[in-house]
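This report concerns only the one structure given below.
All heavy atoms count here, side chains included; hydrogens, waters and symmetry mates do not.
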Amino acid sequence: MMFRSHMEAALTEARAAAARGEVPVGAVIVAPSGEVIARAGNRTRELCDPTAHAEVLAMRAACAATGSERLPGHDLYVTLEPCPMCAAAISFARIGRLYYGASDPKSGGVAQGPRVFSHPQCHHAPDIYDGISAEPAEALLREFFAERRAP
């Protein structure tokens, strides 16, 4: 089967999150069939929920759609390197492949900081592909925070 990136769908979710005043992070989950079965953007402010990260919301929707707490063979596309909380949830869900855009030197949990998937306590580590559409993901984040820091 030929590889097809679904990062543009995740970027669409990130743009929608920014329009809602949320940090612009978007995520989509793709079933083994190639169908996008869940999509989400950050909603921490809207839902007053610190766990309402795009990845967590997308995994919740995908698990509901499949009727299972695990998503083996599924792909997760997210515009920003997952934080440690999301990385742990990705492991618990048994996501098959993780594709992410921008790296997150401050709060990342995959290639930065705690590197959740490299710990012996990690029950499952997905295949990881970073830098997918990193430039537009980084630009969204830069613009979002520049607007909030401007006088």
Side-chain angles (χ1 to χ4, degrees), residues 3-31 36-63 69-151:
F3 173 75
R4 175 175 177 243
S5 175
H6 293 272
M7 192 59 80
E8 189 54 47
L11 286 164
T12 297
E13 293 299 321
R15 291 182 195 103
R20 293 189 303 271
E22 301 277 359
V23 174
V25 177
V28 297
I29 295 186
V30 181
V36 173
I37 61 166
R39 56 182 68 226
N42 276 357
R43 292 185 178 274
T44 58
R45 292 174 185 232
E46 176 187 343
L47 299 176
C48 299
D49 179 355
T51 69
H53 290 197
E55 304 95 304
V56 170
L57 295 174
M59 285 186 285
R60 287 176 183 163
C63 287
E69 78 281 10
R70 297 207 173 137
L71 300 165
H74 289 69
D75 297 342
L76 169 61
Y77 288 81
V78 60
T79 58
L80 181 64
E81 175 184 353
C83 72
M85 174 188 71
C86 291
I90 290 164
S91 176
F92 295 149
R94 307 298 197 264
I95 292 286
R97 283 168 298 283
L98 168 64
Y99 300 89
Y100 70 86
S103 65
D104 189 352
K106 181 181 175 193
S107 300
V110 176
Q112 316 288 327
R115 294 182 169 101
V116 170
F117 301 125
S118 66
H119 284 262
Q121 295 88 353
C122 182
H123 295 290
H124 168 79
D127 295 332
I128 301 167
Y129 304 90
D130 62 352
I132 310 295
S133 299
E135 294 83 11
E138 291 166 356
L140 267 174
L141 290 159
R142 265 194 314 277
E143 292 165 16
F144 178 83
F145 288 112
E147 289 174 9
R148 273 135 190 87
R149 292 183 183 124

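Taking the side chain as every heavy atom from C-beta outward, Arg15 and Leu11 approach each other to under 4.5 Å.
Side-chain contact check for Arg60 and Thr51: at least one donor-acceptor pair (N or O, by modelled atom type) lies under 3.5 Å.
Enclosure of atom CZ in Arg4 is not indicated, since only 12 or fewer non-hydrogen atoms of other residues, nucleotides or ligands lie within 6.0 angstrom.
Note that OH of Tyr100 is 14.0 Å distant from OG of Ser133, once rounded to the nearest 0.5 Å. Here the CD1 atom belonging to Ile90 is positioned 10.0 Å from the CE atom belonging to Met85, to the nearest 0.5 angstrom. The distance from atom CD1 of Ile95 to atom CG of Asp127, rounded to the nearest 0.5 Å, is 12.0 Å.
Residues satisfying the side-chain hydrogen bond (donor to acceptor under 3.5 Å, both in side chains) criterion with Arg45, sequence neighbours excluded, are absent altogether. Remark: Ala16 engages Arg20 in a side chain to side chain contact (heavy atoms under 4.5 Å, CB included) (not counting sequence neighbours). In this view, Arg70 satisfies the salt bridge (Lys or Arg N to Asp or Glu O under 4.0 Å) rule with no residue, not counting sequence neighbours. For Arg142, the side chain to side chain contact (heavy atoms under 4.5 Å, CB included) partners are Glu138, Ala139, not counting sequence neighbours.
The heavy-atom pair separating Met7 from Val78 by the smallest distance is CE-O, 3.4 Å. Closest of all the heavy-atom pairs between Met59 and Ala93 is SD-CB, 3.9 Å.
Residue pairs meeting the salt bridge (charged side-chain N to carboxylate O under 4.0 Å, His left out) criterion with at least one member in residues 76-101, sequence neighbours excluded, are Asp75-Arg97.
Note that Arg115 lies outside the cation-pi zone of Phe117, set by a 6.0 Å cut-off to the ring centre and a 45° limit from the axis.
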side-chain contact (heavy atoms from CB on, under 4.5 Å) assessment of Asp130 paired with Tyr99 | CA-CA 6 Å; Asp130 62 352; Tyr99 300 89; over 6 Å; no
Under 3.5 Å, which donor-acceptor pairs link side chains of residues 101-112 to any protein atom two or more places apart or in another chain?
unit_1	atom_1	unit_2	atom_2	d
Asp104	OD1	Lys106	N	3.3
Asp104	OD1	Ser107	N	3.0

